[in-house]
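Below is one structure, written out as structure tokens; the observations come after it.
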Amino acid sequence: MLHSWTLTPDEAVALQTELAGRVALAPLGPVRTVAGCDIAYDTFAPILHAAVVVVRLPDLIEVERAVVRADAAFPYVPGLLSFRECPALLSAITTLRTQPDVFMVDGQGIAHPRRFGLACHLGLWLDRPVVGCAKTWLVGDHAEVGPTAGDTTPLTLGGETVGAVVRTADEVRPCFVSPGHLCDVDSAVGLVRRVLSGFRHPVPTRLAHMAANEARRGEAASGYADTT
DNA sequence: GCGACAG
DNA sequence: ATCTTGTCGC
């Protein structure tokens, strides 16, 4: 165990500052498989569905997937997202029979107030490479990014480049890419650019998002059937 | 004090 | 994230 998941928001903040020092940034090695991870929240119950879908490169064909239902024990607090989503993602990842070369999550990596976003936290627990690809800005400065799919512009924070703003498809709002662990900015951006398919979301997280949603809807349907 | 704030 | 159908546009 890296640490306990039972803590207060204040303790979580302190833990992030401590763990940020353990994040390692280095070029990503050869990538044959990428595991997209995402979560769907239940409408009223504090329940969530974590999904992980593994695709192979370069054809982006799905090779395996895992979905798990879990309790949302930690509240959503900007800057502390990993404490809410990591436990469920970890249990889903544990059920995989194959070890992906790299993971990709819906959230920030080091482009974070304390340089410890969801991608970093998951990376430390797994001791595996993780790339963060968030749909909206959290921190950092950047110039306007080009309009064509694949265009990028640096995302800086405190004078250093922590990631990049990436146009993942033509005519769509850009995504914010930053390394989480065991990879660097160039590797993270390079990987994201290799898993695009004309949609705003990269294929791995796009499929995970759909899988998590299907799981959520499926459970809602069974619940109604029970009442009826 | 004021504004910002991943999913 | 989630509540929500159709609709305007390429």
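Note that these values count all heavy atoms, side chains included, but never hydrogens, waters or copies made by symmetry. Each chain gets a letter, A, B and so on, in the order its sequence line appears, and its residues count up from 1. Quick caveat: nothing in here was measured; it's all calculated off a predicted structure.
- Considering only side-chain N and O atoms, T43(A) lies under 4.0 angstrom from the phosphate OP1 or OP2 of dC3(C).
- Nucleotide dA6(B) holds its P atom 8 Å from the CD atom of Q108(A), rounded to whole Å.
- Taking atom NE2 of residue H112(A) and atom P of nucleotide dG7(B), one finds them 12 Å apart after rounding to whole Å.
- The side chain of R84(A) lies closest to dG7(B), out of dT2(C), dC5(B), dG7(B).
- Whole-Å rounding puts the R173(A) CZ to dG7(B) P distance at 9 Å.
- The side chain of K135(A) places an N or O atom within less than 4.0 Å of a non-bridging phosphate oxygen (OP1 or OP2) of dG7(B).
- Counting any heavy atom pair closer than 4.0 Å across all strands shown, L80(A) reaches a base atom.
- Taking only side-chain nitrogens and oxygens, Y41(A) never comes nearer than 4.0 Å to OP1 or OP2 of dG7(B).
- In this entry the distance linking CG of D106(A) with P of dA1(C) reads 7 Å, nearest Å.
- Using a 4.0 Å cut-off between charged side-chain N and carboxylate O, R167(A) and E144(A) make a salt bridge.
- No engagement by A111(A) is indicated, since no non-hydrogen atom pair under 4.0 Å with the nucleic acid exists.
- At least one side-chain nitrogen or oxygen of R216(A) sits closer than 4.0 Å to the OP1 or OP2 atom of dT2(C).
- Rounding to whole angstrom units, CG of residue D141(A) and P of dC5(B) are separated by 13 Å.
- D101(A) and R32(A) get closest at one heavy-atom pair: OD2-N, 2.6 Å.
- Between dA6(B) and S82(A), no contact under 4.0 Å exists linking OP1 or OP2 to a side-chain N or O.
- No side-chain donor-acceptor contact under 3.5 Å links R65(A) to the backbone of A51(A).
- Closest approach of V189(A) and V177(A) over heavy atoms only: N-CG1, 4.1 Å.
- Note: CZ (F44(A)) to P (dT4(C)) measures 8 Å, nearest angstrom.
- To the nearest angstrom, P of dT2(C) lies 10 Å from CZ of R217(A).
- Exactly one residue among H181(A), H3(A), Q16(A) makes a side chain to side chain donor-acceptor pair (under 3.5 Å) with H121(A). That residue is H3(A).
- An aromatic stacking contact between Y76(A) and the base of dA1(C) is absent, as defined here by ring centres under 5.5 Å apart and ring planes under 30° from parallel.
- Rounded to an integer number of Å, the gap from CH2 of W137(A) to C1' of dA4(B) is 6 Å.
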